[in-house]
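Note that this is a predicted model, so its numbers are computed, not measured.
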Amino acid sequence: MFKSTKQKKIKMATTKDKFVSDEKFKNYVSLVVALKFTKDGLKDYVQNEISKFYVLLSNRCAGFLPCKLSCTKTNPTKHALWCDSCKKWRSEFRRHMRYPGQVNRVKWEMFDSRTWGKDSKQQTLNQIMNVYVHKCPNPTESTMDDIINIVSLFENCLYFDIGNNKALLGKVRTVRNQHFAHNKTSMVEEKDFRQCLKILISVLREKSIKHNEKCKEAVHVLHDLKTENRFQNNHVVDLQQVIAEKNRENTSTKIEKYFQEKDKRHLTDKKISTWSIWIVTIISVLMFLCVFYSNFQENIYSISTNKDCITMDFSFPWESDLDFLYYIKTHGTLIGREWLIEDISYQLLHTDYRGILIAAEMGFGKSAIVSKITCDSDKLSPGYPIHSKLMSVHLCRFDSYITLNPGIFVRNMAGSIAVKFPEFGNIIHLDKMAQEYLFTKRCFEDPRGCFDFGILGPLQKVLNIPDTMIIMVDALDECIERDKDNIFTLLYEKIPRLPAFVKFLFTSRNISQIRERLPPGVILYNNQRFKENAELDIKRYLEKRLQNDTIRKQLNIIMFSEAKSEQQINKLVDIVDGNFLFLINAFDFWMTNGDFHQIPDTLEHIYELNLERVFGKSQVTFESVRSILEILCASLNQPTVNDVYNYLNLTEQDEKLHLSRLLSGDLSHFLTRESGRIGFAHKRFADLLSSNKKFLNKYYVSAYNGHVRISKYWIEKLKHRKGHISRIDFIYMVYHVANCQNNALQKMKRGN
């Protein structure tokens with residue numbers, strides 16, 4: 001009646017053996033292993049991609065200081081009360097959500113917005129992922145240990161292209177739920193098992209995922225599981241025993257514990273192995289560096305400056321007429337500007353605009369941005385989306401006639417497109433008129449005809465239409481230096497006739513000849529926080545420099561204070577007035593010289609070249625603007641256009657029109673006009689003009705003469721408005737009269 005304990009054990013062992021030997025059970029265990037390796041591969045892919053996604057979001061939110069109050073917790077549903085930083089982050093999250101209204105289903109009170117944009121720790125990355133994971137229990141922890149959460153991320157986040165394949169992700173969900181998580185029998189039919197493997201392999205081989213090394217390993221494992229070899233797989237053999245073991249733990253818990261223990265052992269073994277490999281590697285590298293140090297230095301320099309840069313150096317279908325490696329090499333590492341590159345990348349690739357113009361004053365770093373994008377082959381970098389679509393680059397330089405030649409621009413553009421887009425190359429080789437222009441001197445003689453027959457016509461014949469081609473032209477303001485038949489006027493005529501997939505990225509100084517005459521469909525880049533973001537970039541540069549103790553101590557000596565770094569940085573930002581070029585050239589000079597009022601020779605030379613460029617052709621032109629510059633050098637604050645009319649005693653309409661044209665033309669290289677007021681684009685330029693440097697004698701501007709003109713105006717005004725002049729106006733008059741030290745004016749003032 002009662003069986004002995006020994007008999008019970010024998011029966012349980014027999015039942016267990018039958019269970020383990022069942023083919024359907026082996027299929028179930030093999031599927032568990034397949035899901036484990038698939039999940040590990042996808043997890044590694046997600047971890048890499050989410051870091052890139054976080055960089056993208058951070059760049060989009062650059063310029064906003066990190067949240068200090070954790071708006072997500074203090075006001076989880078009242079989004080209007082969030083700080084600007086949190087509002088911007090929520091906006092960017094929403095931009096990348098696949099379904100409308102999804103942003104309103106996120107339980108924001110579970111997130112901590114103080115870390116967004118502040119650091120890239122794992123907890124922050126987990127939060128970024130879990131914004132898009134359905135019913136996430138704890139956003140600060142990784143939810144990627146369950147393949148269903150990875151599927152949810154793919155389905156909800158636009159950043160992941162695989163999310164467009166809803167059918168495939170739905171099948172993965174079925175594999176996980178039906179055949180594993182909700183499978184009470186722990187049995188899987190052979191045909192179902194093979195179908196499940198096929199689905200999992202399809203996910204791992206999806207075009208955006210298949211290059212991940214972990215995913216490649218998983219594919220190999222899954223292929224082995226398709227064969228009889230699966231019964232020799234260590235995981236399959238061990239798991240069969242673990243799952244079949246009769247105890248109070250459910251199957252899921254057994255599987256989880258098994259893999260946790262295996263992962264711990266693997267990590268320990270890996271650490272030991274890694275240390276051994278590192279020791280051998282370090283010894284080998286040191287030996288290699290000792291033997292080949294000099295050659296290595298030369299080669300690494302060559303690789304870092306040339307590799308992956310689009311310099312227009314090609315030899316097919318013809319030898320390029322001009323490459324820009326020399327100009328691109330002159331720019332060092334770009335500091336900041338990620339926010340700008342992210343903005344223009346989005347506008348070029350995700351809107352219908354035909355092009356974008358970045359217009360900014362001298363020293364902003366426009367050419368450095370172009371150089372950065374030209375060489376930005378790193379997929380993690382904000383410039384990569386543009387770089388990957390870049391077909392042609394052209395850099396106009398006012399002192400290089402060949403860079404201003406429209407024929408060379410057209411022929412180089414056609415050759416570069418042919419190299420990167422073979423179908424276009426085949427078309428021009430079969431087109432008689434295209435060959436007539438592009439393979440002879442006729443392109444230089446008739447650039448417009450060359451553009452029509454060598455670029456426009458062939459592009460209209462393309463069958464495999466690309467999504468986007470980007471043509472980048474730096475310094476449009478210098479492109480117009482040649483004559484009326486220049487690169488800018490050529491593009492103004494031709495851009496509207498090009499196919500919509502051809503887009504342009506331009507840079508230029510902020511001058512009206514370019515800004516107010518853009519081709520149809522080309523917009524002026526505009527960011528309301530442009531100035532603030534530019535200053536933040538300068539602060540980042542200075543913070544990096546002040547990490548050096550020697551530089552920080554030297555700065556304390558120069559400033560005669562032990563002020564906090566933040567105060568020192570703010571003062572330097574004010575001194576350089578937002579001019580990155582000025583800062584980079586002046587900072588080391590100041591640290592050595594010890595005087596912020598001095599301007600280094602390198603900068604003086606740059607300013608002199610720019611004065612020569614604009615006014616060197618005619619001294620008469622500069623004489624006509626000297627009086628305006630004198631007034632600006634003497635002014636306490638930026639005068640209005642009407643103030644300048646009054647100081648110069650201009651009453652005739654023709655005289656006022658002439659002044660207005662000068663302000664919009666030659667002077668716009670050095671002056672700004674905002675809200676009706678005129679001022680120098682950079683304060684230090686005014687200092688240089690009035691410094692009476694010997695080499696700048698012909699461009700010398702006398703602040704004294706400016707004070708005299710302004711003083712005469714105020715004294716005359718006082719004569720006719722006795723008792724009606726305001727206290728502020730009176731202070732202005734006294735200031736200018738005192739600075740011009742003119743006895744006659746002093747008497748006039750006392751007489752009034």
Side-chain angles (χ1 to χ4, degrees), residues 39 42-43 45-160 162-163 166 169-170 172-173 176-177 181 252-253 256 338-339 342 346 528-529 532 536:
K39 183 266 297 180
L42 294 178
K43 183 180 178 181
Y45 164 74
V46 168
Q47 197 62 45
N48 292 334
E49 290 302 311
I50 215 71
S51 298
K52 301 176 190 177
F53 183 43
Y54 180 60
V55 170
L56 184 150
L57 292 176
S58 298
N59 290 336
R60 294 286 301 174
C61 298
F64 293 89
L65 294 175
C67 174
K68 295 182 179 179
L69 303 174
S70 190
C71 300
T72 49
K73 293 186 180 296
T74 54
N75 292 295
T77 58
K78 297 178 181 179
H79 307 134
L81 300 179
W82 286 14
C83 66
D84 289 341
S85 175
C86 288
K87 286 178 182 176
K88 177 63 176 173
W89 275 91
R90 183 175 181 272
S91 167
E92 290 304 318
F93 286 138
R94 181 173 54 195
R95 183 201 291 259
H96 291 88
M97 287 179 174
R98 202 175 299 277
Y99 304 106
Q102 185 184 337
V103 70
N104 297 320
R105 294 193 286 274
V106 178
K107 294 185 181 299
W108 294 109
E109 65 272 15
M110 299 173 69
F111 292 79
D112 185 358
S113 57
R114 289 173 299 181
T115 63
W116 299 347
K118 188 177 181 180
D119 59 55
S120 55
K121 294 178 181 176
Q122 190 57 50
Q123 283 192 346
T124 304
L125 296 179
N126 290 341
Q127 287 194 68
I128 303 305
M129 280 189 281
N130 291 327
V131 166
Y132 301 93
V133 173
H134 182 58
K135 293 183 178 179
C136 168
N138 186 350
T140 60
E141 293 182 1
S142 175
T143 54
M144 296 296 107
D145 285 326
D146 191 338
I147 197 171
I148 205 72
N149 291 327
I150 298 176
V151 169
S152 180
L153 174 66
F154 290 162
E155 288 175 332
N156 294 322
C157 184
L158 281 168
Y159 181 81
F160 296 95
I162 191 176
K166 297 178 185 178
L169 293 176
V172 175
R173 191 183 295 275
R176 184 264 187 193
N177 291 341
S252 297
T253 305
E256 186 178 349
E338 296 93 346
W339 50 272
E342 285 287 345
Y346 181 83
Q528 293 181 347
R529 297 180 62 86
E532 292 90 335
L536 282 171

> I'd like to know whether M144 forms a side chain to side chain contact (heavy atoms under 4.5 Å, CB included) with L42, so could you lay out the CA-CA distance, the side-chain angles of the two residues, the decisive distance to 0.1 Å, and finally the verdict.
CA-CA 9 Å; M144 296 296 107; L42 294 178; over 6 Å; no
> In plain terms, say whether R529 and E532 are close enough for a salt bridge, that is, a side-chain N and a carboxylate O under 4.0 Å apart.
no
> Could you grab the distance from atom CD1 of I162 to atom CZ of F154, nearest 0.5 Å is fine?
5.5 Å
> Search all heavy atoms of M110 against all heavy atoms of C136 and return the closest pair with its distance.
CE-O, 3.4 Å
> Counting only heavy atoms not in K166, do more than 12 fall under 6.0 Å of its NZ?
no
> Run the side chain to side chain contact (heavy atoms under 4.5 Å, CB included) test against E155 and tell me which residues pass, sequence neighbours left out.
V151, L169, R173
> Between CZ of F160 and CD1 of I150, what distance do you get to the nearest 0.5 Å?
10.0 Å
> If you round to the nearest 0.5 Å, how far is CG of L56 from CD1 of I50?
11.0 Å
> Verify the ring-centre separation between W89 and F111: is it less than 6.0 angstrom?
no
> Do Y132 and R98 have side-chain heavy atoms sitting under 4.5 Å apart?
no
> Has the side chain of Y159 got a donor or acceptor atom that lies under 3.5 Å from a matching backbone atom of K52?
no
> Give a yes or no answer on whether the side chain of Q127 reaches the backbone of D112 with a donor-acceptor pair at less than 3.5 Å.
yes
> Look at the side chain of N156 and the backbone N and O of S152, then say whether any donor-acceptor pair between them is shorter than 3.5 Å.
yes
> So how far is it from T77 OG1 to N75 CG, rounded to the nearest 0.5 Å?
7.5 Å
> Test ring-ring contact (aromatic ring centres under 6.0 Å, His included) on F53 and H96; report intermediate values, then the result.
CA-CA 10 Å; F53 183 43; H96 291 88; 5.1 Å; yes
> So with a 6.0 Å cut-off around CD of Q123, is the heavy-atom count from everything else above 12?
no
> Would you say that more than 12 heavy atoms from the other residues, nucleotides or ligands in this model lie under 6.0 Å from the NE2 of H134, or not?
no
> As an exercise, state the distance from OG of S113 to CH2 of W116, rounded to the nearest 0.5 Å.
5.0 Å
> On a heavy-atom basis, which atom in S85 and which in P66 lie closest, and how many Å separate them?
OG-CA, 4.1 Å
> Please determine whether side chain to side chain contact (heavy atoms under 4.5 Å, CB included) holds for the pair I148 and N177, giving the CA-CA distance in whole Å, both sets of side-chain angles, and the decisive distance to 0.1 Å.
CA-CA 9 Å; I148 205 72; N177 291 341; 4.1 Å; yes
> Only pairs at least two apart or in different chains count here, so list each salt bridge (Lys or Arg N to Asp or Glu O under 4.0 Å) that has a residue in residues 78-96.
R60-E92, K88-E92, E92-R95
> Counting distance only, does the side-chain N/O of T143 pair as donor-acceptor with the main-chain N or O of P139 below 3.5 Å?
no
> Minimum heavy-atom separation for L158 and M97, please, with both atom names.
CD1-O, 3.5 Å
> Could you measure the distance from the SG atom of C61 to the OH atom of Y54? Nearest 0.5 Å is fine.
9.5 Å
> State which residues pass side chain to side chain contact (heavy atoms under 4.5 Å, CB included) with N138; sequence neighbours excluded, sorted by chain then number.
T140, E141
> Check the orientation of W82 and W108. Use parallel for under 30°, tilted for 30 to 60°, and perpendicular for over 60°.
perpendicular
> Over all heavy atoms of both residues, which pair between M129 and Q122 is shortest? Give the atoms and the distance, please.
CE-NE2, 4.3 Å
> If you measure from the Lys or Arg side-chain nitrogens to the Asp or Glu carboxylate oxygens, is any gap between D146 and R176 under 4.0 Å?
yes
> What heavy-atom pair brings S142 and K43 nearest, and what distance separates the two atoms?
OG-CE, 4.4 Å
> Check whether more than 12 heavy atoms from other residues, nucleotides or ligands sit under 6.0 Å from atom CG of L81, and answer yes or no.
yes
> Determine whether a donor-acceptor pair (N or O, by modelled atom type, separation under 3.5 Å) exists between the side chain of S70 and the backbone of C67.
no
> Within a strict 4.5 Å, meaning less than it, do heavy atoms of the I128 and F93 side chains meet?
yes
